[in-house]
Protein chains: 2
Amino acid sequence: MTTGLGTSPARTSYRHGDLRRALIEAGVDLAGEGGPSAVVLREATRRAGVTPSAAYRHFADRQALLDAVCSSCQALVARAIEADQARIHCDDAAEAARLRFRAVGTGYLRFALEEPGRFQTAFSASSDLESATSSARAGEHGLTPFQLLTVALDDLVTEGLLPAQRRPAAEFLAWSAVHGLAELFIDGPLRALPDPVKQTLITRVIDMVEQGL
Amino acid sequence: MTTGLGTSPARTSYRHGDLRRALIEAGVDLAGEGGPSAVVLREATRRAGVTPSAAYRHFADRQALLDAVCSSCQALVARAIEADQARIHCDDAAEAARLRFRAVGTGYLRFALEEPGRFQTAFSASSDLESATSSARAGEHGLTPFQLLTVALDDLVTEGLLPAQRRPAAEFLAWSAVHGLAELFIDGPLRALPDPVKQTLITRVIDMVEQGL
DNA sequence: GCTGGTATGTGTACGTTGTGCACATGTGAG
DNA sequence: CTCACATGTGCACAACGTACACATACCAGC
């Protein structure tokens, strides 16, 4: 399902065509199978049908490949959030803003539970504030997960649901709570919890953020 | 500073004496220098003045060593929390309980900022709910970080600061927020923030938890 | 249309890591 | 004193990241 066919028809020619993209895709597959540590340069080249050294024509080193894979995975997170937001149909503008805000959390956590390997990879590479807004990490609307959260909070202020004086740095507070829960789920003590209980916790954490912001 | 002298006087005899402990200590040093990925079996044996294979008399594999190192690091987190709690002097029992609760957060985050490598290592290995209460991870009072949080929350209920019906699972909500902020600080987008700003965020996250629980 | 330069992939090699297995050496129980 | 067991050594192997010289395909300019 992951190898060959659509992407690389067992390449006949010397040239590959789009090796860079192929390596990133292989890397994202590997990330899904075993998290960031499973993104192994040699295995990625193997899946692309290419010699290990070939990777160095497109990436400075393994970390550079991992960074690219990480960006792709963040884009997947953005899409998950967008998917949850797209299902909202609400006439009341204020309530709609509130639901969009909550959807950032539910989409984020849904992705963490459905794709733990890719989720961990998405946030494994150290990124600073500017790279958190790089377009390589964006979803369909061109926004990164972080930017989606920022927009949702701005809308809360616009709709009068969040006092303006509490707006500064609010994205970091919300992100902390939601991301922390994801970590607890993925390889923290809450890993073995049955799914319904997890869903309850997701709701409660988002409640806490909404009330405590 | 880390090698030899106090711990291993360049061993003269064939036997080491307490290799298991020496390997864990070397591992904790390595964790402090470069996080979980830096705790490398061969380097640990090197620092203990011993052949790589010797490690396998005490640990099944590298992961087993890392687990032990992780437990030691969690014990350090517990001590950091205990240290913050010990500085509280307050006659009002309710206020004291509230401060002890907040000290769990400040101690946890202080350790994360002071010892990022060891902090990451402490929570790198996947642990379930029972191992989160293992005595190897406990501080001076015999309680793990997680148990310290649990006790602090129980006290909040006792003092009437937290409604009993909101008590269940509250440790997971609080842990999520605080741990998530730590991640943002260590290798998330908030890494480069000046220290005073970080301190402000710490206060605000704990405020959020207190208010949102 | 040929030719040469550049981008891209190959082959080979080196050092490092985790780990298994046969062997050596201490240490304590009988 | 001796022998079994625990513990450390030596050597080997596969996998990984990475460097470097070489081979090949494509593009520009004549």
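Proteins get letters first, then strands, A, B, ... in listed order; numbering begins at 1 in each.
At most 12 heavy atoms of other shown residues, nucleotides or ligands fall within 6.0 angstrom of atom CZ in B:Arg21.
Among D:dT9, C:dG9, C:dG18, the nucleotide with an atom closest to any side-chain atom of B:Val50 is D:dT9. Across D:dG10, D:dC16, C:dT19, the shortest atom-to-atom separation from the side chain of B:Asp61 is found for C:dT19. Closest to the side chain of B:Arg46, from the set C:dT17, C:dG9, D:dG17, is C:dT17. Listed nucleotides: C:dG9, C:dG11, D:dT18. Nearest to the side chain of A:Ser53: C:dG11.
Taking for each of B:Asp18 and A:Tyr56 the nucleotide of DNA chain D with the nearest heavy atom, the 5'-most of the two is the partner of B:Asp18. Projected onto DNA chain C by closest heavy-atom contact, A:Ala55 and A:Arg42 fall at different nucleotides, the more 5' of which corresponds to A:Ala55.
Classification of A:Glu25 and A:Arg47 as a salt-bridged pair fails, no side-chain N sitting under 4.0 Å from a carboxylate O.
Between the side chains of A:Asp67 and A:Gln63, at least one donor N or O lies within less than 3.5 Å of an accepting N or O.
The NE2-P distance, from A:His58 to C:dT10, rounds to 10 Å in whole Å. The distance between atom CZ of B:Arg62 and atom P of D:dC16, rounded to the nearest whole Å, is 15 Å. Here the P atom of nucleotide C:dT17 and the CG atom of B:Leu30 are 11 Å apart, to the nearest Å. For the pair B:Leu66 CG and C:dT17 P, the computed distance is 16 Å after rounding to whole Å. In this structure, B:Leu65 atom CG and C:dG18 atom P are separated by 9 Å, rounded to whole Å. In this structure, the CZ atom of A:Arg57 is 11 Å from the P atom of C:dT10, given to the nearest Å. The CG-P distance, from A:Leu23 to D:dG17, rounds to 12 Å in whole Å. At whole-Å resolution of the value, CZ in A:Arg47 and P in D:dC16 are 11 Å apart.
In terms of modelled atom types and a separation under 3.5 Å, the side chain of B:Glu43 and the main chain of B:Val40 share no donor-acceptor contact.
Ring centroids of A:Phe172 and A:Phe146 are separated by less than 6.0 Å, placing the two rings close together.
Among the heavy atoms of the strands, none lies under 4.0 Å from B:Arg20.
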